[in-house]
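See structure below.
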Amino acid sequence: HSDFIDKINKENRLEAEKDFNEYKSKLQEIANYNNDYYNDIFYYQKCEITRNDNIISMHIYYAYCLGGSLFTGPVSKNYDLKNNKKLTLEDILIGNKKNINKMIGQKVTEYFKSMGENENFDDYFKNYNLKDYKFHIENKNSQDILVIDFSKYEISDGAAGAPSIEVPFSEIKQKYKIGLKI
C-alpha cells in the first residue's frame with residue numbers, strides 16, 4: 001500500500017502546513033490589532049493513528065493559544081487500504097441508517113448521563129447523514145472501538161469541550177445488531 005500511504009501522507013502534510021500558516025496569520029492579525037497585548041502565539045497539532053491490514057484511522061487534534069487556549073475540535077480521517085479510498089461511517093457500518101443513528105443517540109445519552117446530565121439524545125440524530133459523522137477507530141486492550149467525534153458546541157455547550165463517544169465493535173454487533181464492513 002506504499003503508494004496510497006505516500007499519497008495520504010503528502011495530502012495530510014500539505015493540509016497541516018496550510019492550516020498552520022492560516023492560524024499563524026490569523027493569530028498574528030489579532031495580536032497586531034490588540035497592540036501586541038498577546039505576545040505568545042502557540043499552535044498545536046497532534047495525530048494518533050490506528051492501522052491494521054484493512055484501514056488507517058487518524059484522529060487529529062488542533063489547538064491554538066493567544067492569551068488563552070481555544071480548542072478548534074478534532075479532525076478524523078479514515079482510509080480503506082484495500083480500495084485506496086477515504087472512508088465514511090456509511091462505509092464502516094452495515095445496517096439501517098435509522099438504527100445506526102439511534103445507536104449513536106443512545107451512546108451520546110449514556111455519555112452525558114455518566115457526567116450527571118439528563119439530556120436525552122435518542123431522537124437528536126435521526127436525520128443525521130452517516131457521511132457527515134466524524135469518527136476514528138482505536139484499539140484499547142486488544143478491543144477495536146469506534147469513536148464518534150464531535151466538535152465543541154456541536155452537541156453540547158462549550159464547557160463540555162469536544163466530546164468523543166466510544167462504542168466497542170463487540171457492542172455494535174451484539175447489543176445493537178449492526179454489522180461491520182471492516
Side-chain angles (χ1 to χ4, degrees), residues 1-30 40-93 100-101 103-104 107-108 111-112 115 125 128-169 172 180-182:
H1 307 291
S2 64
D3 288 343
F4 184 58
I5 291 172
D6 287 344
K7 179 183 174 189
I8 292 168
N9 286 334
K10 182 179 179 181
E11 286 174 3
N12 285 300
R13 183 176 39 257
L14 290 172
E15 185 177 321
E17 289 171 1
K18 178 182 171 247
D19 288 346
F20 174 78
N21 289 328
E22 196 173 291
Y23 279 112
K24 182 179 174 184
S25 175
K26 285 179 183 177
L27 295 174
Q28 191 61 55
E29 282 178 33
I30 294 168
D40 291 327
I41 298 173
F42 173 73
Y43 177 81
Y44 172 78
Q45 181 180 25
K46 174 183 172 187
C47 180
E48 295 175 349
I49 299 173
T50 299
R51 179 177 178 203
N52 63 26
D53 291 337
N54 300 325
I55 63 148
I56 293 176
S57 186
M58 303 168 67
H59 188 222
I60 305 166
Y61 304 90
Y62 291 94
Y64 61 88
C65 178
L66 181 67
S69 191
L70 300 172
F71 186 74
T72 62
V75 173
S76 303
K77 297 179 181 186
N78 302 277
Y79 301 93
D80 176 344
L81 294 175
K82 287 184 177 180
N83 299 306
N84 295 343
K85 70 173 198 164
K86 206 169 192 176
L87 296 171
T88 67
L89 195 58
E90 194 171 52
D91 298 318
I92 299 292
L93 300 177
I100 294 170
N101 281 331
M103 173 196 70
I104 293 169
K107 293 306 286 184
V108 171
Y111 173 83
F112 283 105
M115 295 173 48
F125 297 99
Y128 260 55
N129 186 336
L130 297 181
K131 292 179 180 183
D132 294 336
Y133 282 106
K134 294 180 298 262
F135 71 95
H136 68 280
I137 296 166
E138 292 182 5
N139 187 289
K140 291 184 179 178
N141 302 321
S142 299
Q143 184 178 20
D144 286 328
I145 297 170
L146 173 68
V147 183
I148 309 293
D149 299 308
F150 295 98
S151 300
K152 193 174 181 178
Y153 303 108
E154 188 173 358
I155 60 171
S156 62
D157 61 14
S164 291
I165 310 302
E166 297 182 356
V167 191
F169 279 13
I172 292 170
L180 292 158
K181 293 182 184 178
I182 59 171

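Listed by first and then second residue, the salt bridge (Lys or Arg N to Asp or Glu O under 4.0 Å) pairs that reach into residues 53-62 come to none, sequence neighbours excluded.
Between Pro168 and Gln143, the shortest heavy-atom distance links the atoms CB-NE2, 3.3 Å. Scanning all heavy atoms of the two residues, the minimum distance from Pro163 to Ser151 falls at CD-O, 4.4 Å.
Below 30°, between 30° and 60°, or above 60°: for Phe4 and Tyr79 the angle between ring planes is above 60°, a perpendicular geometry.
If you take CD on Glu166 and NE2 on His136, they are separated by 7.5 Å, rounding to the nearest 0.5 Å. Leu93 contributes atom CG, which lies 7.0 Å from atom CD1 of Ile104 (distance to the nearest 0.5 angstrom). With values rounded to the nearest 0.5 angstrom, Met58 atom CE is found 11.0 Å from Thr50 atom OG1. Here the NE2-CG distance, from His59 to Asn78, works out to 10.0 Å after rounding to the nearest 0.5 Å. Separating the CG atom in Leu87 from the CD1 atom in Ile55 is a distance of 7.0 Å, to the nearest 0.5 Å. A distance of 7.5 Å separates CD1 of Ile92 from OG of Ser57, quoted to the nearest 0.5 Å.
With sequence neighbours left out, the salt bridge (Lys or Arg N to Asp or Glu O under 4.0 Å) criterion links Lys77 to Glu15. Partners of Lys18 by side-chain contact (heavy atoms from CB on, under 4.5 Å), not counting sequence neighbours, listed by chain and number: Glu22.
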Passes side-chain contact (heavy atoms from CB on, under 4.5 Å), Asp132 versus Thr88? Steps please.
-> CA-CA 8 Å; Asp132 294 336; Thr88 67; over 6 Å; no

Take Leu81 and Arg51, measure what side-chain contact (heavy atoms from CB on, under 4.5 Å) needs, and give me the verdict at the end.
-> CA-CA 10 Å; Leu81 294 175; Arg51 179 177 178 203; 3.6 Å; yes

Could you go through the salt bridge (Lys or Arg N to Asp or Glu O under 4.0 Å) check for Lys86 and Glu11 one step at a time?
-> CA-CA 12 Å; Lys86 206 169 192 176; Glu11 286 174 3; over 6 Å; no

How far apart are the C-alpha atoms of Leu146 and Leu89, what are their side-chain angles, what is the distance that settles it, and do they pass the side-chain contact (heavy atoms from CB on, under 4.5 Å) test?
-> CA-CA 10 Å; Leu146 173 68; Leu89 195 58; 3.9 Å; yes

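Side chain of Ser164 to backbone of Val147: no donor-acceptor contact under 3.5 angstrom is found. Of the possible donor and acceptor atoms, none in the side chain of Asp80 sits under 3.5 Å from a partner among the backbone N and O of Lys85. A distance-only check finds a donor-acceptor pair linking the side chain of Asn129 to the backbone of Lys131 [under 3.5 Å].
For Phe150 and Phe125, the ring centers are positioned less than 6.0 Å apart.
Atom NZ of Lys181 sits in a crowded spot, with more than 12 heavy atoms from other residues, nucleotides or ligands closer than 6.0 Å.
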